[in-house]
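Because only heavy atoms are used, hydrogens play no part in the values below, and waters and symmetry mates are left out as well, while side chains stay in. Protein chains get the first letters and strands the later ones, always in sequence-line order, with residue 1 at the start of each. Here the structure is a predicted model, which means the values were calculated and not measured.
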Amino acid sequence: MSHLQDRLQRLRSTSPVQSTEKKNRDLSLPSNSRLVETNEGSFVLRQCKYSLDHLHGHYALGQLCEVYDLLSRISKRFQTLKSVESYRDLLFFDTETTGLGVGAGNVPFMIGYGYYTDTEFITEQLFIRNPGEERAMLHYFYEFIQGFTHLVTYNGRTFDWPIVKNRYVLNRILFSDADLEQLDLLYISRNLWKNSIISCRLSNVEEQRLGIRRHNDVSGAYAPSIYFQYLADGDGSPLEGVFLHNELDVLTLATLAIHLGSILAGQLDLTKLNTDDVFRIGNWLDQANLPELAEAAFRELLKRPAQSKRKYLLSIATVFKKNRQFEQAVLLWREAAEFGRTGQALHALHTLQPLIELAMYYEHQCKQYNQALDLVDEALNRAERRQSIRRPSDKDRLLLEQLMKRRARLMTKAYRGLSEDVDLLSF
DNA sequence: CGATCTATGTCTGTTAGCGT
DNA sequence: ACGCTAACAGACATAGATCG
């Protein structure tokens, strides 16, 4: 007997009219919830209130008040973004849907969100007991979001929000989100942690980086089947787990915002983080146009043991170079070049690049062509030594060619400088 | 499953500095 | 004034990851 036949059998056992009434009556409403009745129909609203010192993982919810104003910088194009005027303008938003697609067939049966008042963090969940309640929920939600300027999500930019927007179109409800900014925390999370944790799913980020442990959590992946089961048999008890899961997701969203905000505010103790995280944070702070904090992060990284900081030296030097902090960059290039002298030449690029960078610095910044020449010669020596033990690749050949060219140019520049000196002497 | 963003690598265009 | 070159910035294509 197939699963489908089972379900059909169950559906046949009660008439449609009966089953709808039974369903709505039998979902003994979940804890903290009530029925909202509107002109457009009814739906379930579940609300939970948290005091601002409620701890979720490493943070108290109220800590957002200290860092919210920096949050617009999580986006690459923060310069063109509306800034966050108040933590009360943020709506933390997460849905549970009937699937993963963004097409018309995917229905958000639960819209969860959280927001701050002066004294509390409040989560609310809008839940429809059947498709007929969707219009009422959508109208209610649209009214509600008018009070907010920013939407905070995790992949909501490509998942939750387009799905919700689609529902307004399909229900022919006028809708505009033109004034609503989106702060999607997925991309910056991936940027910071994709190398240091196994996955950047929200559940893993909260566990690995926010100190949040869930007990008996219902994975979001089960939400569609639990909802379908509820639609079929009217038993609402398994939905409790979905409500809780969604509520915790919203809390985590706020906590993640606090964590990211703390980094942008320079409040996070970087000495306790692993080297890769510190490097990523430094880069992010640089892009977020917070150069002092970026430098602080890089300085912390440079205190780490040689082996652990080694692979970041060139990248950090590149940032200093871009910001025209040449003295700092030179120190790192020298350090990186030293690694190349002692260790075996494993990666041609990494042992030669610091020498090339230094040569560029002496040629273009200092005009000390002889210094630059010495560095190019050293690079050439290393490249040739390398060629003798290893068949050169196309890249190796290109690199060698460029080095020769650089050497030739520096020779003429050095020679010209020399002859000018002679000219000066002769007069 | 779909849509979207990002990292990465390659290329193409622009700019600054230099010499003729 | 003009052209050349190195270095950098921006464009483009591609592959991977995340959402329930």
Side-chain angles (χ1 to χ4, degrees), chain A residues 74-77 93-112 125 127 151-166 182-195 197-206 217-230 239 241-243 245-246 248-250 252-253 256 280 283-284 287 315 318-319 321-324 326 329 349 353 356-357 359-367 369 372 376 394-395 398 401-403 405-410 412-413 415-417 419-420:
Chain A
I74 62 166
S75 165
K76 270 231 162 75
R77 1 173 271 282
F93 169 74
D94 181 51
T95 63
E96 305 303 320
T97 69
T98 56
L100 267 184
V102 195
N106 197 8
V107 180
F109 62 86
M110 185 182 294
I111 295 178
Q125 294 160 302
F127 173 78
L151 213 53
V152 183
T153 62
Y154 205 76
N155 202 31
R157 187 173 182 77
T158 49
F159 185 72
D160 306 75
W161 197 244
I163 289 173
V164 167
K165 274 171 82 169
N166 272 343
Q182 299 224 26
L183 298 178
D184 196 319
L185 307 186
L186 165 66
Y187 309 117
I188 185 58
S189 299
R190 199 179 271 159
N191 185 320
L192 292 179
W193 302 310
K194 73 170 177 330
N195 289 331
I197 61 181
I198 196 84
S199 150
C200 286
R201 307 167 48 114
L202 186 60
S203 60
N204 196 47
V205 167
E206 69 171 16
D217 185 49
V218 174
S219 160
Y222 292 119
S225 57
I226 292 174
Y227 187 62
F228 285 133
Q229 190 63 41
Y230 161 72
L239 279 166
V242 180
F243 274 100
H245 166 82
N246 178 259
L248 290 173
D249 270 358
V250 171
T252 292
L253 228 35
L256 181 53
R280 295 280 165 178
N283 266 327
W284 178 35
Q287 281 163 22
S315 307
T318 304
V319 175
K321 177 187 179 184
K322 182 203 67 173
N323 294 340
R324 305 195 62 81
F326 289 106
L349 238 130
Q353 198 59 35
I356 296 170
E357 291 286 357
M360 279 163 64
Y361 168 73
Y362 281 114
E363 179 183 354
H364 299 291
Q365 303 303 317
C366 312
K367 322 278 183 205
Y369 305 123
V376 171
D394 284 355
K395 277 198 163 174
L398 189 68
E401 194 183 305
Q402 287 170 343
L403 276 170
K405 224 168 144 185
R406 191 179 297 279
R407 195 173 114 96
R409 183 177 69 246
L410 284 166
T412 63
K413 283 190 177 181
Y415 175 75
R416 195 161 20 240
S419 61
E420 274 167 19

(request) Give the dot-bracket string for DNA chain C, reading 5' to 3', where a pair is Watson-Crick or G-U wobble with both distances under 3.5 Å, ( ) marks pairs inside the strand, [ ] marks pairs crossing earlier ones, | marks a partner on another strand, and . marks unpaired. (result) |||||||||||||||||||.
(request) State whether A:Lys367 places a side-chain N or O below 4.0 Å from either non-bridging phosphate oxygen (OP1 or OP2) of B:dC18. (result) yes
(message) At 4.0 Å (heavy atoms only), tell me whether A:Tyr154 reaches a base, stays on the sugar-phosphate, or touches nothing.
(response) sugar-phosphate
(message) Tell me the interatomic distance from A:Leu256, atom CG, to C:dC19, atom P, rounded to whole angstroms.
(response) 12 Å
(message) Looking at A:Tyr222, I'd like to know if its OH atom is crowded, meaning that more than 12 non-hydrogen atoms belonging to other residues, nucleotides or ligands lie closer than 6.0 Å.
(response) no
(request) Might you confirm whether atom NZ of A:Lys405 has over 12 heavy atoms from other residues, nucleotides or ligands at distances under 6.0 Å? (result) no
(request) Rounded off to whole Å, could you give me the CG-to-C1' distance for the A:Leu410 and B:dG19 pair? (result) 16 Å
(message) Any base atoms under 4.0 Å from A:Asp184, or only sugar-phosphate, or nothing? Heavy atoms, all strands.
(response) nothing
(message) For a quick check of understanding: with a heavy-atom distance under 4.0 Å over all strands, which category does A:Leu202 fall into, base, sugar-phosphate or nothing?
(response) sugar-phosphate
(request) Grab the NZ-C1' distance between A:Lys165 and B:dA3 for me, whole Å please. (result) 12 Å
(message) What is the separation between atom CZ on A:Phe93 and atom P on C:dC19, rounded to the nearest whole Å?
(response) 15 Å
(message) A quick test of your reading: do over 12 heavy atoms of other residues, nucleotides or ligands sit less than 6.0 Å from CZ of A:Arg201?
(response) no
(message) Whether the side chain of A:Asp160 engages the backbone of A:Asp94 through a donor-acceptor N/O pair (distance < 3.5 Å, no angle test) should be reported.
(response) no
(request) Kindly compute the distance separating CG (A:Leu151) from CG (A:Leu183), expressed to the nearest 0.5 Å. (result) 8.5 Å
(message) B:dA3, OP1 or OP2 - any side-chain N/O from A:Arg157 closer than 4.0 Å?
(response) no
(message) Within the 4.0 Å limit for protein heavy atoms, which parts of nucleotides 3-13 of chain C are touched? Write it as a string from 5' to 3', B for base, S for sugar-phosphate only, - for none.
(response) ---SSS-----
(request) Using atom CD of A:Gln365 as one end and atom P of B:dC18 as the other, report the distance to the nearest whole Å. (result) 11 Å
(request) Rounded off to whole Å, could you give me the CG-to-C1' distance for the A:Leu186 and C:dA17 pair? (result) 8 Å
(request) Assign each of A:Lys76 and A:Leu100 to its nearest nucleotide of DNA chain B by heavy atoms, then name whichever residue's nucleotide is nearer the 5' end. (result) A:Leu100
(message) With nearest nucleotide decided by heavy atoms, which residue, A:Arg77 or A:Gly103, maps closer to the 5′ end of DNA chain B?
(response) A:Gly103
(message) Let me confirm one number: the CE-CZ distance from A:Met360 to A:Arg406, rounded to the nearest 0.5 Å.
(response) 6.0 Å
(request) State, without any angle test, whether A:Thr252 and A:Asp249 hold a side-chain donor-acceptor pair at a distance under 3.5 Å. (result) no
(request) Classify the nucleic acid contact of A:Asn191 as base, sugar-phosphate or nothing, counting any heavy atom under 4.0 Å across all strands shown. (result) sugar-phosphate
(request) Using a cut-off of strictly less than 4.0 Å, decide whether A:Arg190 has a side-chain nitrogen or oxygen near OP1 or OP2 of B:dC5. (result) no
(request) Supply the atom-to-atom distance A:Thr98 OG1 to A:Phe109 CZ, rounded to the nearest 0.5 angstrom. (result) 8.0 Å
(message) Output the rounded distance in Å from CG (A:Asn204) to C1' (C:dG20).
(response) 17 Å
(message) I need the A:Ser189 OG to A:Asn204 CG distance, nearest 0.5 Å.
(response) 11.0 Å
(request) Measure from the side-chain heavy atoms of A:Thr97 and tell me the nearest of C:dT18, B:dG2, C:dG20. (result) C:dG20
(request) Send over the distance from A:Phe159 CZ to B:dG2 C1', rounded to a whole Å. (result) 10 Å
(message) Students often get this wrong, so: under 4.0 angstrom with heavy atoms, is A:Thr95 touching a base, only sugar-phosphate, or nothing?
(response) sugar-phosphate
(request) Take A:Gln353 and A:Ile356 through the side chain to side chain contact (heavy atoms under 4.5 Å, CB included) test and state the conclusion after the steps. (result) CA-CA 5 Å; A:Gln353 198 59 35; A:Ile356 296 170; 4.3 Å; yes
